[in-house]
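The structure appears right after this line, and notes come after that.
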Amino acid sequence: MNMTLIGTTLAALLTIAVYSFLYKDNPFYKFAEHLVVGVSAGYYLVIYYYNFIDPTVVSPVFRLRIGGDAILLGGVDWWMALIPGLLGLILYARFFPKIGWVSRWALGIYVGGYSGLGIAPVMQARVLDQIRGGALPVHALHTGQGWTNLLLVVGLLGTLTYFFFSLKHKGVLGGLARIGIVFIMVGFGASFGYTVMSRVSLLIGRMNFLLHDWLRIV
Amino acid sequence: MRGATGFSRRTRPVGGPTIVTATLAALLLFPAALPAQEPEAPAPVAAIAPPAGVLAVDSPDDRGGSVDVSWDLSPDDAEGRVLCYRIYRSAHPDTGFAPVGLVAPGVSRFRDSAAPDGTPLHYRVAVSDGEREVFSASFGPVEALPQWFHRGRITVLIASLGFVVAIVYFVRAAKAGKDLFIRRLAGLDHMDDAVGRATEMGKPILFISGLSTISDVATIAAVNILGEVAKKTAEYNTRLIVPCADPIVMAVEQEVVKEAYAKVGRVDAYNEDDVFYLTRSQFAYVAGVSGIMVRQRPATILYMGMFYAESLVLAETGASVGSIQIAGTDAVTQLPFFITSCDYTLIGEELYAASAYLSREPVLLGGLKGQDMTKAAIGLAIVLGAISATLAALGVIPWDFVARVLVNA
Amino acid sequence: MRRHVPLALCFIAGVFMAIQYFIPHPSVQAWYERLLAWLQTLLAFAFLIGTVSLVRLHAHKIGHKVAGRGYSWVLFVGLGLMVGFGFKGRAPGSPFDFMFQNVQVPIEGTMFSLLAFYIASAAFRAFRARTLEATLLLLAATIVMLGRVPVGDLLHRSIPAATDWILNVPNMASKRGIMIGVGLGMMATALKIMLGIERAWMGGTD
Amino acid sequence: MNRLGKFLQIDRRWIFLAILIAVLAPFIWPMGLPIVITKPVQDLYNAVDAIPPNGEPLFISIDYSPSTVPELDPMALAILRHAFSKDIRVAVLTLDPAGYGLAERALEAVAAEFGKERHKDYVFLGFQPGISAVVLGMGINIRNVFPEDAYGTPLSEIPMMEGIRNYDQIPLLITLSGTAVVEAWVIYAHQPYDAQIGAGVTAVMATDYYPFLDTGQLVGMLGGMRGAAEYETLIDRHDAGVRGMDSQSVIHILIIVLIVVGNIAYFGSRKRAPETAGGDAAA
């Protein structure tokens with residue numbers, strides 16, 4: 001009995017425990033559920049410590065090293081490593097009700113920083129590029145491409161109209177919004193149908209694991 | 001679009017006149033291309049012709065340290081005699097050249113991304129047939145410099161500023177007391193009923209704010225909605241359970257719920273253990289939440305924020321325990337599943353409109369108006385773009401013009 | 001201090017992160033990289049807060065002798081083992097890796113694969129041709145499902161083409177529209193946060 | 001309630017059982033149904049095929065974790081086989097910590113299959129955290145983000161990496177991912193640096209990225225197990241992708257039958273007992 005076999009057997013039993021949930025909630029599922037919540041919470045705690053806190057704070061501040069390079073105590077790099085450490089520590093202020101509000105300083109930087117970061121790339125990739133992709137020539141209606149382009153433009157305009165919030169969906173606007181919802185529903189149906197495959201793939205993968213890797217019967 | 005920031009990947013075909021020019025240039029420049037201290041390049045009789053027209057410019061829109069070098073292909077390239085081009089750099093026009101890069105035949109450009117900033121640099125391109133290298137004339141001086149503004153992004157800047165102006169203008173107008181209409185959002189009209197139902201049944205409400213971090217704007221939208229929901233559960237004295245997948249989201253949501261309970265004067269009813277962190281791991285989180293669903297049997301489940309593949313596992317488990325489910329997400333891939341498994345679904349942008357809708361705060365409604373106006377402008381841009389593309393296709397206006405407008409727009 | 005400082009920090013961080021996109025100069029980019037690393041580190045610090053919350057919840061269950069508290073012990077064992085092993089070594093073959101590979105990966109993979117069952121039950125339950133929209137949804141889904149598998153090709157030649165058409169035309173048009181709308185919503189929300197209009201993140205103190 | 005109405009209330013566990021049987025059956029009786037090639041797959045195949053042998057390497061970023069292995073692993077294997085069979089050099093990296101072992105396993109297996117030499121024909125750069133930072137960093141200099149390969153050899157000492165600085169020397173980068181990492185490659189590598197990006201994604205993500213194909217932000221794409229099966233067909237090497245498609249066909253048909261029967265029962269029961277309508281709200 002080697003470690004690989006023990007590991008595979010453990011994994012297989014846990015796999016079956018999870019599948020038992022399809023029948024109904026039961027002690028085996030509860031065991032697997034609590035185990036994986038604990039294990040994964042521990043996993044992320046450790047991984048984030050070693051991937052971020054250690055290299056950006058602990059190593060430079062206490063061991064005076066960034067990557068392989070030595071830094072000076074009290075030098076610019078040292079102070080720059082201390083700041084995220086202090087920001088991280090003030091997050092813990094929330095455990096002390098009297099100074100709990102200090103943790104908002106760190107949250108402010110976090111929330112603000114990420115908010116700002118998104119604006120321009122979103123404008124580029126989600127708005128401008130999509131406008132470019134959406135502005136298509138709609139001549140040549142005697143060909144398939146002409147009609148396709150017309151549908152693409154109309155569908156896009158309809159979908160945009162559906163998301164108009166500050167006007168009542170009546171008249172032309174209502175008509176366009178209606179076209180929009182038709183396109184949206186067809187799109188959602190397509191996504192649903194398209195997804196079935198990847199979900200079944202996962203099931204095939206698990207069955208492969210049970211039958212091939214564990215039981216070795218196929 | 002492509003090529004706006006970098007080089008085109010296409011290489012120039014070598015036409016007749018180019019060959020003549022290149023050969024002439026090569027003949028004329030040949031001696032200069034052979035510095036004495038480059039012993040590996042003796043002057044051969046039947047040598048391959050060196051590349052001509054070497055041009056080096058500071059790479060545009062970058063953080064410095066980079067020079068773009070381009071040249072005309074060696075006339076012998078088309079005949080397959082070229083093995084590679086090697087690019088040389090020096091601080092002097094005719095001595096001290098060192099190789100900085102190598103490209104395949106047929107390629108006529110190279111980005112030297114190790115160029116020192118602010119020094120005059122000279123470039124040469126050598127062509128190699130495997131046995132010897134033949135040098136072009138040197139080009140220079142050129143300086144690699146960092147830029148303070150990314151010109152390729154000017155459209156994004158203008159569009160973003162326009163958007164900021166639109167939002168700020170309508171927010172101010174709303175503050176000034178302009179009355180603003182907002183259309184019905186089906187799912188949210190039932191929020192009161194959903195909370196009321198939970199109260200009647202004496203069962204909790206489960207609020208799931210997605211799996212993303214607070215860096216995802218969708219999560220912030222979810223947090224805003226949670227604030228409004230918490231006010232209602234505090235009023236009705238209904239238990240609100242909020243399992244979180246991200247620790248910062250948890251910290252923020254604890255604040256939000258506590259504050260909402262305080263606002264309606266029920267701070268005593270707030271239980272910090274009901275807003276808790278489970279795990280960041282996607283399906284471990286799902287395992288935990290599914291367990292909560294089948295054991296607590298919540299009357300109502302709200303899914304708001306960013307969701308990934310877990311959406312359907314959660315929503316189907318929720319449906320199987322008979323909960324009323326309202327979802328809202330901007331995750332286009334997950335919307336189909338919420339739509340099939342939930343009672344009401346907020347689609348895409350509706351999620352962002354939700355906090356304005358629920359709170360009816362004029363400033364938020366003003367922001368929404370600003371979004372709508374931008375959307376109208378985008379619709380107009382698409383229509384105009386389609387019309388000009390059509391006119392170009394019909395030959396009324398030149399394609400060049402349309403292409404330029406679309407690329408720069 | 002309680003209100004203005006966090007809002008000011010939020011504004012400054014936001015504006016800097018927004019404009020750095022347009023400034024390639026290294027003096028700005030270096031700060032951008034630094035700030036980005038700080039944000040990631042901040043999240044790493046928060047994991048301890050999250051874990052404390054999880055531990056407190058289950059300690060509470062054990063302390064109050066809630067039914068099923070035995071499972072809380074299971075959770076503690078899993079958490080304790082991972083943290084204990086993790087600080088000793090995480091290389092492939094280590095106990096930490098063993099737990100990850102043989103507990104976390106298979107359970108998560110299996111949870112994920114439950115979708116194959118749920119997608120079938122959801123389709124059966126909800127795909128009813130009640131309204132025009134619902135009918136279109138189920139028709140599109142059915143055609144695409146057929147078009148994705150080899151059987152569809154055998155059934156009728158035009159099914160893969162129809163699938164491609166649905167994906168490339170109506171699907172693309174609506175996705176693009178939703179994408180633009182979502183983009184606007186994201187930018188507007190981000191902007192409102194930076195400007196301090198939307199401040200639920202700090203408990204909505206106004 | 002009549003019999004048809006009762007059918008609509010059928011315990012969903014019967015459906016689960018039917019799915020289980022459907023997924024297991026083709027394991028015992030393989031069918032081997034034919035595969036049609038779609039354009040995004042052909043485009044990606046052509047892009048890989050156009051890379052000159054023994055030159056600038058094809059980059060493959062294995063950005064998936066064990067949960068999406070069944071769909072994405074066959075893609076990785078097929079693309080690697082394609083590249084190695086044409087003597088195209090390959091550099092593999094991962095942006096997902098859980099992808100490290102998967103990437104290493106796939107690369108080493110296929111390299112051994114074709115008798116390829118590490119550092120001459122292929123290199124494994126390993127994992128670096130921070131998705132957008134890595135993608136952006138590679139645009140400046142790969143050595144900044146991957147100073148050495150996964151086993152500690154400095155990039156400067158790896159022959160095949162000579163002269164490979166950033167995206168300008170990468171003819172094609174293929175990301176295999178079940179998450180939005182693809183978008184990071186498009187936004188942070190294609191947009192600023194004009195890098196050529198191809199993608200292999202799970203079937204569910206594929207619809208999301210159609211707009212990117214249209215705008216040229218992605219050169220080509222493999223969607224789900226079928227994408228893998230198509231690629232396997234193109235390189236004429238049938239494997240897990242083609243095999244899995246049999247199970248896929250059976251389950252897809254089963255679900256369609258369920259939908260059809262469900263609707264017949266629904267309309268049949270409504271004619272006789274109109275009050276049974278309701279329950280779950282439609283879209």
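Throughout, a chain's letter reflects where its sequence line sits, starting with A, and its residues are numbered from 1.
The interface of residues 13-20 of chain D with chain A, defined by heavy-atom distances below 4.5 Å, comprises D:Arg13, D:Phe16, D:Ile19, D:Leu20. Of all residues in residues 144-155 of chain D, none places a non-hydrogen atom less than 4.5 angstrom from a non-hydrogen atom of chain A. Of residues 29-39 of chain A, not one residue has a non-hydrogen atom less than 4.5 Å from any non-hydrogen atom of chain D. Residue-level contacts of residues 107-120 of chain A with chain D do not occur; threshold 4.5 Å between heavy atoms.
Looking at D:Met205, there are no atoms closer than 4.5 Å to chain A (heavy atoms on both sides), in backbone or side chain. Residue D:Arg12: no heavy atom, backbone or side chain, is found under 4.5 Å from chain A. Looking at D:Leu24, only its side chain comes within 4.5 Å of chain A, counting heavy atoms on both sides. Contact of A:Phe209 with chain D is not made at all, since no heavy-atom distance falls under 4.5 Å. Neither the backbone nor the side chain of A:Arg206 comes within contact range of chain D, judged by heavy atoms closer than 4.5 Å. Interface residue D:Val23: only side-chain heavy atoms are found under 4.5 Å from chain A.
The minimum heavy-atom distance between A:Ser201 and D:Gln248, with the atom names listed, is OG-NE2, 2.9 Å. The shortest non-hydrogen separation linking D:Thr68 to A:Leu202 is CA-CD2, 4.2 Å. Residues D:His252 and A:Gly193 approach most closely at NE2-O, 4.3 Å, considering heavy atoms. When every heavy atom of A:Met197 is checked against every heavy atom of D:Arg226, the shortest pair comes out as CE-N, 2.7 Å. Looking at every heavy atom in both residues, D:Gly223 comes nearest to A:Tyr194 through CA-OH, 4.1 Å.
Interatomic distance, A:Asp129 CG to D:Ile187 CD1, rounded to the nearest 0.5 Å: 9.0 Å.
By the 6.0 Å contact criterion, CZ on A:Phe28 is open, its count of non-hydrogen atoms from other residues, nucleotides or ligands being 12 or less.
Contact annotation: the side chain of A:Ile204 approaches that of D:Ser247 to within less than 4.5 Å [non-hydrogen atoms, C-beta and beyond].
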*For salt bridge (charged side-chain N to carboxylate O under 4.0 Å, His left out), just list the numbers for A:Arg199 and D:Glu71, CA-CA rounded to whole Å, side-chain angles, deciding distance to a tenth of an Å, and then say yes or no.*
CA-CA 9 Å; A:Arg199 303 314 184 222; D:Glu71 278 182 280; 5.5 Å; no
